[in-house]
Amino acid sequence: YNTLPDKLDLSSINTYQEVTKDLYVDEDKVATVKGKVIDKKTGKPVLNKPALKINVEAMPSIASIVDPATGDYELKLPLGEAYTISASAPDYYPLYELVNVAGERGNVKIFKDLYIVPIE
């Protein structure tokens with residue numbers, strides 16, 4: 001959440017008083033990136049790979065959701081930057097994709113399939 005600043009003027013108070021003030025926050029704006037992880041050789045989704053994960057360069061702690069039964073993934077990225085993302089799985093090389101949300105101001109949905117290449 002982002003805080004929404006508000007002033008509290010106490011200049012007219014000379015003695016102890018209880019002051020009640022509501023504080024407000026605004027939900028962080030994010031880019032939601034969704035798609036499938038696809039085997040570059042077959043053109044089909046990568047299925048049943050429990051070690052399949054999504055990587056964001058320079059942000060190792062970013063959380064993502066990957067469904068190994070369908071190959072679908074979803075991750076949320078903060079706005080204001082460009083990110084390099086990839087999928088990884090044992091016995092595959094990742095291909096990197098750029099997601100640029102530097103100029104975005106509101107919540108954004110981006111659909112981007114990620115490809116991985118089998119090691120042969």
Side-chain angles (χ1 to χ4, degrees):
Y1 290 93
N2 290 321
T3 59
L4 298 176
D6 196 9
K7 292 188 178 196
L8 178 61
D9 184 10
L10 301 174
S11 62
S12 64
I13 298 182
N14 297 326
T15 61
Y16 173 80
Q17 293 185 12
E18 187 173 311
V19 176
T20 302
K21 180 82 171 158
D22 291 329
L23 301 176
Y24 297 96
V25 296
D26 188 19
E27 187 175 358
D28 269 342
K29 305 292 189 252
V30 296
T32 302
V33 184
K34 293 181 172 187
K36 289 194 175 289
V37 178
I38 298 177
D39 182 309
K40 182 77 170 168
K41 184 176 179 181
T42 65
K44 295 181 180 178
V46 176
L47 306 177
N48 301 316
K49 296 275 185 194
L52 182 63
K53 65 180 188 172
I54 306 302
N55 306 303
V56 180
E57 192 173 288
M59 294 184 76
S61 63
I62 199 111
S64 62
I65 299 168
V66 180
D67 184 348
T70 63
D72 292 335
Y73 79 91
E74 178 178 324
L75 78 137
K76 295 186 184 295
L77 298 171
L79 299 181
E81 292 188 40
Y83 300 95
T84 302
I85 64 172
S86 65
S88 64
D91 303 322
Y92 285 89
Y93 285 118
L95 295 179
Y96 298 90
E97 293 285 337
L98 181 66
V99 176
N100 189 350
V101 291
E104 301 295 338
R105 299 288 176 244
N107 289 333
V108 178
K109 288 187 179 181
I110 298 170
F111 296 94
K112 184 174 284 290
D113 291 335
L114 297 176
Y115 291 86
I116 55 179
V117 180
I119 298 172
E120 295 180 354

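Everything numeric here is computed off the predicted structure, so don't read it as measured data.
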Q) Is it true that the NZ or CZ of K40 lies under 6.0 Å from the centre of Y115's six-membered ring and within 45 degrees of the ring axis? A)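 Because its charged atom sits under 6.0 Å from the ring centre and within 45° of the axis, K40 does stack over Y115.
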Is there a path from [X] to [Y] through hydrophobic residues (I, L, V, M, F, W, Y) whose side chains come within less than 4.5 Å of each other?
X: V66; Y: M59; value: yes
X: V56; Y: I116; value: yes
X: I85; Y: V30; value: no
X: L47; Y: I54; value: no

Report all side-chain donor-acceptor pairs from residues 67-78 shorter than 3.5 Å, counting only partners two or more places apart or in another chain.
{"from": "D67", "atom 1": "OD1", "to": "A69", "atom 2": "N", "distance (Å)": "3.0"}
{"from": "D67", "atom 1": "OD2", "to": "T70", "atom 2": "OG1", "distance (Å)": "3.4"}
{"from": "T70", "atom 1": "OG1", "to": "D72", "atom 2": "N", "distance (Å)": "3.2"}
{"from": "T70", "atom 1": "OG1", "to": "D72", "atom 2": "OD2", "distance (Å)": "3.2"}
{"from": "D72", "atom 1": "OD1", "to": "K36", "atom 2": "NZ", "distance (Å)": "2.6"}
{"from": "Y73", "atom 1": "OH", "to": "K112", "atom 2": "O", "distance (Å)": "2.5"}
{"from": "K76", "atom 1": "NZ", "to": "T32", "atom 2": "OG1", "distance (Å)": "3.3"}

[atom1]/[X] to [atom2]/[Y] distance, rounded to the nearest 0.5 angstrom?
X: L8; Y: L23; atom1: CG; atom2: CG; result: 9.5 Å
X: K29; Y: R105; atom1: NZ; atom2: CZ; result: 12.0 Å
X: Y83; Y: N100; atom1: OH; atom2: CG; result: 10.0 Å
X: S88; Y: L95; atom1: OG; atom2: CG; result: 12.0 Å

Q.
For a quick check under 3.5 Å, do Y92 and D39 share a side-chain donor-acceptor pair by atom type?
A.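 There is such a pair between these side chains.
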(Q) Could you check whether D91 pairs with K49 (Lys NZ or Arg NE/NH1/NH2 to Asp/Glu carboxylate O, under 4.0 Å)? (A)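 Result for this pair is no, no salt bridge flagged.
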Quick one: closest heavy-atom pair of [X] and [Y], and the distance?
X: S86; Y: L114; answer: C-CD1, 4.0 Å
X: D6; Y: K21; answer: OD2-NZ, 2.9 Å
X: P90; Y: A51; answer: CD-CB, 3.7 Å
X: L98; Y: A82; answer: CD1-CB, 4.0 Å

Q | Contacts of type side chain to side chain donor-acceptor pair (under 3.5 Å), residue K7, not counting sequence neighbours | A |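 Once residues adjacent in sequence are excluded, K7 has no partner under the side chain to side chain donor-acceptor pair (under 3.5 Å) criterion.
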Q. Is there side-chain contact between Y93 and I119, with at least one heavy-atom pair below 4.5 Å?
A.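 The answer is yes, as the side chains (C-beta and beyond) meet within the 4.5 Å cut-off.
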Q.
Is the shortest side-chain heavy-atom distance between I110 and V101 below 4.5 Å?
A.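 Yes, close enough: below the 4.5 Å cut-off.
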Q: List in chain and number order the residues that pass salt bridge (Lys or Arg N to Asp or Glu O under 4.0 Å) with K41, two or more places apart in sequence or in another chain; answer none if no residue qualifies.
A: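 Partners of K41 under the salt bridge (Lys or Arg N to Asp or Glu O under 4.0 Å) test: E120.
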